[in-house]
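Below: the structure, in structure tokens.
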Amino acid sequence: MSLRLQALKNLTNSTTEVAVPFSPKITAIFGENVFTLKTAREYLSDEGYKSLITSIKGGRKIDRTVANQIANGLRAWAESKGVTHFTHWFQPLTGTTAEKHDSFFTIKSDGTSIEEFDGAALIQQEPDASSFPSGGLRATFEARGYTAWDPSSPAFIMEIGNGRTLCIPTIFVSYTGESLDYKSPLLKALVALDKAAVDVCNYFDKNITKVTPTLGWEQEYFVIDEALANARPDLVLADRTVYGAAPAKGQQLEDHYFGSIPERVYAFMRDYEAESYKLGIPLRTRHNEVAPSQFECAPIFEEVNLAVDHNTLLMDVMSRVAKRHKLKVLLHEKPFAGINGSGKHNNWSMATDTGVNLLAPGKTPKTNLMFLTFFVNTIKAVHDYSDLLRAAIASAGNDFRLGANEAPPAIISVFIGEYLSKVLSEIEGRVGEKFDEQDEAILKLDLHRSIPELLLDNTDRNRTSPFAFTGNKFEFRAVGSAANCANAMTALNTIMAETLRNFKKEVDELIDKGEKKEVALMHVIQKAIVESKAVLFEGDGYSDDWQNEAEGRQLPNVKTTPLALDAMITDKAKNLFKKNGVYTHSELEARHEIELEKYIKKVQIEARLMGDLATNHILPAAIKYQNTLITNVLGLKQIGVAEETFSAQREMLDKITEHINTIKTNVSLMVEARKVCNNMTDSREKAIAYNTEVKDKFFDEIRYHVDKLELLVDDTLWPLPKYRELLFLR
Ligand code: ADP
Ligand code: MG
């Protein structure tokens with residue numbers, strides 16, 4: 001019996017409900033596996049605790065003796081929870097997380113064995129890093145890299161089965177200091193943003209000394225039966241179905257959205273949520289998404305670095321917990337053709353240490369001017385650097401999603417809602433007019449009123465925008481579901497830092513010329529509105545009209561990853577990232593190289609899968625059925641039945657034969673095309689060739705014929721679980 005039929009049989013017979021531990025209150029378990037400040041207070045000396053706090057706040061270095069104290073405290077806490085091993089936990093550019101477990105256990109010089117964790121082991125480690133992607137960096141500079149403790153993200157305990165490991169969040173850098181991970185440039189971008197934003201905040205409030213960007217991500221994902229998934233090599237190896245005819249019922253009824261959550265999935269959700277709560281991930285919402293078997297979860301927002309760690313951790317936890325439930329989580333951006341893909345909306349704002357959300361309209365004219373300043377600067381940043389945002393979300397997976405069903409297009413535009421559009425055009429309309437301090441334009445900024453209107457807008461048109469203002473934050477929606485949000489957040493916070501700094505320079509120049517502060521601010525805001533209004537779009541982002549209009553506005557619309565990545569290595573990008581202390585030129589070039597390589601490998605793997613599945617799974621089934629038809633036709637002929645009475649069989653036979661031939665021919669041609677690509681040495685050229693000569697030329701063509709066969713061949717012979725089975729059976 002084929003894996004497919006076995007999986008289907010087991011699914012119908014299965015009654016497996018995994019017992020999920022019941023916790024009456026989330027607060028009872030929340031953060032129990034995290035070395036929170038409260039726990040730190042319990043386990044650390046005054047000196048250790050104080051030192052930890054300063055390094056969390058100011059990124060100050062911790063000296064060795066204090067590090068020893070902190071390490072001891074951490075070990076004592078971890079051991080009280082049954083931990084035997086520790087690991088530096090980091091986010092290499094492969095897109096997953098990495099760990100290397102070491103035990104506390106060690107043997108002293110006199111032969112006695114003890115459990116030990118010293119400051120040196122806490123602060124720095126040297127994982128064998130040679131197999132992580134480095135884009136040539138380590139080869140050029142140094143052979144090895146090291147991980148270094150990031151005190152701003154608390155240590156946590158990962159429970160896997162009965163094993164418990166103390167995880168220390170770290171950055172991963174080469175010996176000469178080049179970043180090799182997602183976290184280190186992000187931390188640098190946050191520092192740049194903090195500095196630039198505080199300087200601008202001080203126009204309005206001298207008490208503000210720190211600005212922390214905030215992030216609330218919304219994670220979309222699919223959940224399917226594990227046995228069915230395992231019967232599909234494409235899902236096993238690529239997280240995506242490369243074949244599959246559209247089911248009779250897709251998402252047209254939209255009956256999945258906000259429908260009740262299926263029981264088996266519900267148990268899985270409760271289980272991974274409980275795990276997440278223990279790790280301090282503040283999940284808040286869960287619901288069905290539009291596509292069948294698609295779901296979403298979202299946390300309460302946190303400061304960006306922590307939110308990024310929590311999202312990475314969550315993706316890991318979800319995948320592991322799903323196994324317990326014999327389910328498989330698909331984080332891929334487009335696991336199924338013809339229905340919605342998955343994104344990871346990045347809700348982003350900035351918070352001051354005085355408790356103000358800089359993207360929330362205030363109640364007084366003065367706070368509104370501060371809001372307007374940050375609001376308009378964000379629009380300007382997105383306008384000026386939309387190519388970098390596009391590059392930051394580029395991946396082989398996201399290429400299938402952007403511009404497809406219910407997904408934002410590859411054009412980066414900003415939605416701000418009707419009311420704020422009006423406010424901006426009024427300000428813009430006064431170009432050339434003078435403002436004065438008592439000006440209506442300043443005093444009458446009654447933006448508070450706009451919130452209810454904005455929320456109305458939210459339910460509707462802004463859904464189609466890749467970057468939408470949603471009342472008190474911007475929502476960057478083009479981010480892919482499998483992505484590490486750090487990439488998008490590094491770009492966004494850096495371009496914002498740069499834009500704010502330039503803004504301040506211009507305002508200061510006007511003030512130096514004797515202009516009143518408010519008037520100077522209004523003038524520069526006005527200028528920014530004029531310069532960036534091309535990026536504002538309130539219409540339907542999914543429409544073809546918008547593609548044309550965007551072209552007229554000269555907004556970039558780069559549809560594929562290899563070309564979108566070009567933006568990373570322009571002089572503009574290099575200067576920007578260098579000036580803000582985020583990436584050196586060589587780091588950017590290395591990252592560009594790594595992203596290209598990732599793209600090439602992904603397309604290469606999918607191309608191989610398509611060839612393998614066609615040759616070893618699809619064609620044998622089709623030929624078997626072809627033989628059945630041949631036998632049938634021959635038999636009918638033999639017993640003397642008239643030709644026209646079995647014309648249906650003949651027709652089916654012809655069609656099947658034609659599809660078989662076309663598939664075989666194209667698979668061979670695709671292999672040849674791959675060989676040509678593989679001989680290319682320049683990564684960019686190779687990535688472009690993989691896109692146009694392999695993916696574009698063959699993927700859809702081969703798939704078309706395979707999917708046709710699926711509709712013709714005897715169902716019991718078909719080897720791969722079908723869409724209706726993957727999407728509708730649980
Ligand atoms: P929805 O988009 O479903 O209407 P919300 O707008 O309430 O839901 O929130 C979506 C996400 O935005 C949540 O993760 C939430 O925590 C986050 N969010 C809310 N305010 C902020 C903020 N100031 N900064 C960053 N994220 C935020
Ligand atoms: Mg939202």
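The first residue of the sequence shown is numbered 1, and numbering continues consecutively from there. Start at 1 and go down the list; that is how both ligands and their atoms are numbered.
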Problem - Ligand-side contact atoms (ligand 1) for residue partner Ile300, heavy atom cut-off under 4.0 Å - result: 16 (O)
Fill in the blank from the handout: Note: ligand 1 atoms sitting under 4.0 Å from heavy atoms of Asn357 are 23 (N)
Handout entry: Close side-chain approach of Leu555 to Phe537, heavy-atom, < 4.5 Å
Key = no
Fill in the blank from the handout: Residues pairing under salt bridge (charged side-chain N to carboxylate O under 4.0 Å, His left out) where one sits in residues 346-357, two or more places apart or in two chains, turn out to be none
Practice task
Please examine the side chains of Cys297 and Glu273, heavy atoms only from C-beta on, and report whether any two atoms are closer than 4.5 Å.
Solution key: no
Problem - Heteroatom proximity flag, Phe301 to ligand 1, N/O under 3.5 Å - result: yes
Exercise for the section: Assess whether atom NZ of Lys517 is packed by more than 12 heavy atoms of other residues, nucleotides or ligands within 6.0 Å. Expected result: yes
Practice task
Have a look at Asn347, Thr285, Leu215 and point out the one with the heavy atom closest to atom 12 (O) of ligand 1.
Solution key: Asn347
Completion exercise
Sequence neighbours excluded, the answer for salt bridge (charged side-chain N to carboxylate O under 4.0 Å, His left out) partners of Glu531 is Lys380, Lys527
Exercise for the section: Look only at interatomic distance and state if Thr214 has a nitrogen or oxygen under 3.5 Å from any nitrogen or oxygen of ligand 1. Expected result: yes
